[in-house]
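All values reported here derive from a predicted model rather than from experimental measurement. In what follows, every chain begins at residue 1, and chains take the letters A, B, ... in the order their sequences are listed.
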Number of protein chains: 2
Amino acid sequence: MQEPPSSTPEGSLIDPEVHVESFRQAREARRLELVEDYVELIADLIGDGGEARQVDIAARLGVAQPTVAKMLKRLAEDGLVQQRPYRGVFLTASGEALAAQSRERHRIVERFLCALGVSPETARRDAEGIEHHVSAETLDAFRRFADGRSNA
Amino acid sequence: MQEPPSSTPEGSLIDPEVHVESFRQAREARRLELVEDYVELIADLIGDGGEARQVDIAARLGVAQPTVAKMLKRLAEDGLVQQRPYRGVFLTASGEALAAQSRERHRIVERFLCALGVSPETARRDAEGIEHHVSAETLDAFRRFADGRSNA
DNA sequence: GCATAAGTATAGCTATTGCTATATTCGACT
DNA sequence: AGTCGAATATAGCAATAGCTATACTTATGC
Ligand SMILES: [Mn+2]
Ligand SMILES: [Mn+2]
Ligand SMILES: [Mn+2]
Ligand SMILES: [Mn+2]
């Protein structure tokens with residue numbers, strides 16, 4: 001069941017080796033989703049209140065505190081955050097870099113959806129998931145569109 | 001920029017109870033991603049070659065065959081597919097319904113990205129992930145934009 | 001200074017999604 | 001019919017991401 005030339009009836013399917021690239025990219029993006037959301041949220045909490053506590057992270061993510069504790073340990077192992085026991089968590093240089101990048105992309109995606117005519121509430125909700133699957137090229141298209149709409 | 005009263009320094013953070021809604025929606029979408037991709041792919045394989053075999057599903061998703069076998073068992077338990085041992089897998093009525101809906105949304109997202117000026121290759125890759133996080137309202141905006149561009 | 005509340009750490013559980021290795025079955029060809 | 005390669009089934013492992021329950025530490029109020 002491969003059919004390189006052209007003999008099959010319906011043709012909604014592309015080449016398997018091309019098809020698999022999309023799924024691989026989506027899986028990779030899914031793998032990074034949580035990390036990006038965490039560092040972005042930590043950066044926001046520090047910027048807003050000077051510190052990022054587990055309870056606040058847990059409340060905003062909608063998960064239990066031990067879930068946050070476990071993830072912070074992993075982020076620390078990955079060199080993205082530095083945590084002091086029974087204290088808040090802080091971003092390392094690479095953590096800050098990833099946070100800044102994630103936040104900027106998030107901002108652009110949300111602004112783009114609004115520019116397209118989506119309500120602010122829906123734009124906020126959908127952007128939280130969409131942001132992680134937007135490539136540099138698509139992000140550029142989003143940015144251009146949103147800029148064009150606000151200037152016009 | 002929320003701060004109903006006004007006391008904290010920076011204000012990039014919204015109300016926690018509003019914030020958590022976005023994360024919950026994204027988590028729920030992530031939970032359904034794989035199921036949607038599977039039924040959509042199975043529908044395409046059946047439409048293209050008359051059957052959906054584990055090897056072909058695995059090759060297109062870029063995962064190992066036992067990974068597919070395990071997922072098919074779960075889809076069968078959920079009543080989305082029907083599998084005959086050592087034979088291909090087929091969609092139930094609800095499986096077909098979910099597949100049709102997922103495929104349509106996928107198609108609209110990819111077409112939208114192309115209409116926005118993104119290259120077909122990037123549109124294909126990004127759509128594979130973005131599709132799962134697009135709400136009905138956003139999908140409608142995508143559809144309108146793409147229709148407008150093709151008519152103009 | 002101490003009691004108590006709040007926050008954090010830790011243990012242990014489950015479900016999901018991937019993998020490799022191997023046994024079994026099916027199908028096709030001689 | 002028997003053989004052999006391809007496909008499937010199954011077992012067992014690991015990482016991720018969630019949970020509850022509970023112990024421990026810190027901070028606050030009196
Ligand atoms: Mn984000
Ligand atoms: Mn997000
Ligand atoms: Mn799809
Ligand atoms: Mn997809």
Calculate the interatomic distance between Leu32(B) atom CG and dT16(C) atom P; express it in whole Å. 12 Å
Applying salt bridge (charged side-chain N to carboxylate O under 4.0 Å, His left out), can you list everything that pairs with Asp78(A), at least two apart in sequence or on another chain? none
Sorted by chain and residue number, the side chain to side chain donor-acceptor pair (under 3.5 Å) partners of Glu36(B) (sequence neighbours excluded) come out as Arg105(B), His132(B)
What residues form a side chain to side chain contact (heavy atoms under 4.5 Å, CB included) with Gln25(A), not counting sequence neighbours? Arg125(B), Asp126(B)
Please report the distance, rounded to the nearest Å, between CD in Gln65(B) and P in dT24(C). 16 Å
Can you name the residues that form a side chain to side chain contact (heavy atoms under 4.5 Å, CB included) with Ala69(A), not counting sequence neighbours? Gln54(A), Gln65(A)
Are Thr67(B) and dT17(C) close enough that a side-chain N or O sits under 4.0 Å from OP1 or OP2? no
Can you list everything that forms a salt bridge (charged side-chain N to carboxylate O under 4.0 Å, His left out) with Arg27(B)? Sequence neighbours excluded, please. none
Walking DNA chain C from its 5' end, the first of Arg27(A) and Arg53(A) to be reached, judged by nearest nucleotide, is Arg53(A)
Under 4.0 Å from a heavy atom of chain A: give me the 5'-most and 3'-most nucleotides of DNA chain D that qualify. dT16(D) to dA27(D)
Arg31(B) atom CZ is separated from dT17(C) atom C1', nearest whole Å, by 14 Å
The salt bridge (charged side-chain N to carboxylate O under 4.0 Å, His left out) partners of Arg74(A) (sequence neighbours excluded) come to none
Measure from CD on Gln54(B) to P on dG18(C) and round the result to the nearest Å. 14 Å
Between Lys70(B) and Ala52(B), which is nearer to the 5' end of DNA chain D once each is assigned its nearest nucleotide? Ala52(B)
Whichever of Arg30(A) and Pro66(A) has the more 5' nearest nucleotide on DNA chain C, that residue is Pro66(A)
Can you tell me the distance, in whole Å, between the CD atom of Glu51(B) and the P atom of dC26(C)? 15 Å
Give a yes-or-no answer on whether the side chains of Ser119(A) and Glu137(B) include a donor-acceptor pair shorter than 3.5 Å. yes
Walking DNA chain D from its 5' end, the first of Ala64(A) and Ala69(B) to be reached, judged by nearest nucleotide, is Ala69(B)
Please report the distance, rounded to the nearest Å, between CG in Leu75(B) and C1' in dT17(C). 13 Å
Hey, can you pull the residues of residues 77-88 of chain B with a non-hydrogen atom under 4.0 angstrom from DNA chain C? Tyr86(B), Arg87(B)
For residues 15-62 of chain B, which residue pairs pass the ring-ring contact (aromatic ring centres under 6.0 Å, His included) check, not counting sequence neighbours? His19(B)-Phe23(B)
Report the distance from atom CG of Leu45(A) to atom P of dG7(C), rounded to the nearest whole Å. 14 Å
Given Asp44(B), which of Arg60(B), Arg107(B), Arg103(B) fulfils the salt bridge (charged side-chain N to carboxylate O under 4.0 Å, His left out) condition? Arg103(B)
Rounded to whole Å, the CZ-C1' distance (Arg24(A) to dC19(C)) equals 13 Å
Which of residues 33-44 of chain B have a heavy atom under 4.0 Å from DNA chain D? none
Specify whether Phe145(B) and Phe145(A) have parallel, tilted or perpendicular ring planes, treating 30° as the upper limit for parallel and 60° as the lower limit for perpendicular. perpendicular
Could you work out, with side chain to side chain contact (heavy atoms under 4.5 Å, CB included) as the rule, every residue matching Ala59(A), not counting sequence neighbours? none
Listed partners of Arg87(B) passing salt bridge (charged side-chain N to carboxylate O under 4.0 Å, His left out), at least two apart: none
